[in-house]
Amino acid sequence: QLQLVESGGALVQPGGSLRLSCAAAGFTVNNFAIGWFRQAPGKEREAVSCISSSGSGTEYADSVKGRFTISRDNRNGTVNLELNRLKSEDTAIYYCAAYTPKVRAVCHIVANMYSHWGQGTQVTVSS
């Protein structure tokens, strides 16, 4: 079955940048819509972004729009999330998730649509 692995989490200063990656073991992530979610201590999980399996459709939460960019690296078979102009409120465990799409051109940042989840990677934004 699909196994997702996130990487790239780190401690960064406010205003800094980071790149997270999501890879699938045994399968290509190109077969799935991929979403990023995050959860901070004491808070509920929230959606961040998603990219359609075709790569043509993306969605962003209002809190990250204009700062984060999701993309597919088809050569390496990964989905990346670039975090720019980071704020302390971006601190959270970031999770990669996947679902099999019915329409390859779109994705949705609705958590209960996703059937596979990675283990998470910690992003800490602090001076």
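All residue numbers refer to positions in the sequence shown, counting from 1.
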Salt bridge (charged side-chain N to carboxylate O under 4.0 Å, His left out) partners for Arg45, two or more places apart: none

Ile93 reachable from Trp36 in the ILVMFWY side-chain graph, under 4.5 Å edges: no

Rounded distance (nearest 0.5 Å) linking atom CG of Asn31 with atom CZ of Arg104: 7.0 Å

Test item: Phe68 and Asn84 side chains (from C-beta on) under 4.5 Å apart, heavy atoms: no

Residue of the set Thr78, Thr121, Asn80 for which side chain to side chain donor-acceptor pair (under 3.5 Å) holds with Ser21: Asn80

Shortest non-hydrogen contact from Ser127 toward Pro14: N-CD, 3.7 Å

Student check: side-chain heavy atoms of Val79 and Cys96 closer than 4.5 Å: no

Under the ring-ring contact (aromatic ring centres under 6.0 Å, His included) test, residues paired with Phe37 that sit two or more places apart: Tyr114, Trp117

Arg38: which of Val64, Thr91, Val123 passes side chain to side chain contact (heavy atoms under 4.5 Å, CB included): Val64

Between CG on residue Leu81 and CZ on residue Arg19, distance to nearest 0.5 Å: 10.5 Å

Between CD1 on residue Ile70 and SG on residue Cys107, distance to nearest 0.5 Å: 7.0 Å

Nearest atoms (heavy-atom pairs only) where Ala105 meets Ser54: CA-OG, 3.5 Å

Within-4.5 Å side-chain heavy-atom neighbours: Cys22 and Leu4: yes

Within one Ile-Leu-Val-Met-Phe-Trp-Tyr cluster: Val48 and Tyr95, side-chain cutoff 4.5 Å: no

Side-chain heavy-atom pair Glu82, Ser17 within 4.5 angstrom cut-off: no

Test item: Thr58 side-chain N/O and Ile51 main-chain N/O as donor-acceptor pair under 3.5 Å: no

Side-chain touch Asp90/Arg67, heavy atoms, less than 4.5 angstrom: yes

Check: Glu6 side chain, Gln119 main-chain N or O, donor-acceptor pair, under 3.5 Å: yes

Spatial distance of atom OG1 (Thr69) from atom OH (Tyr60) [nearest 0.5 Å]: 4.5 Å

Residue Glu89 excluded, over 12 heavy atoms near CD under 6.0 Å: yes

Where Ala92 and Ala40 come nearest, the two heavy atoms and their spacing: CB-N, 3.8 Å

Tyr99 with Ile34, same ILVMFWY side-chain cluster at under 4.5 Å: no

Any donor-acceptor N/O pair, Arg72 side chain to Ser52 backbone, under 3.5 Å: yes

Side chain to side chain, Cys50 and Met113, heavy atoms closer than 4.5 Å: no

Spacing of CD belonging to Gln122 relative to CG belonging to Leu11, to within rounding of 0.5 Å: 9.5 Å

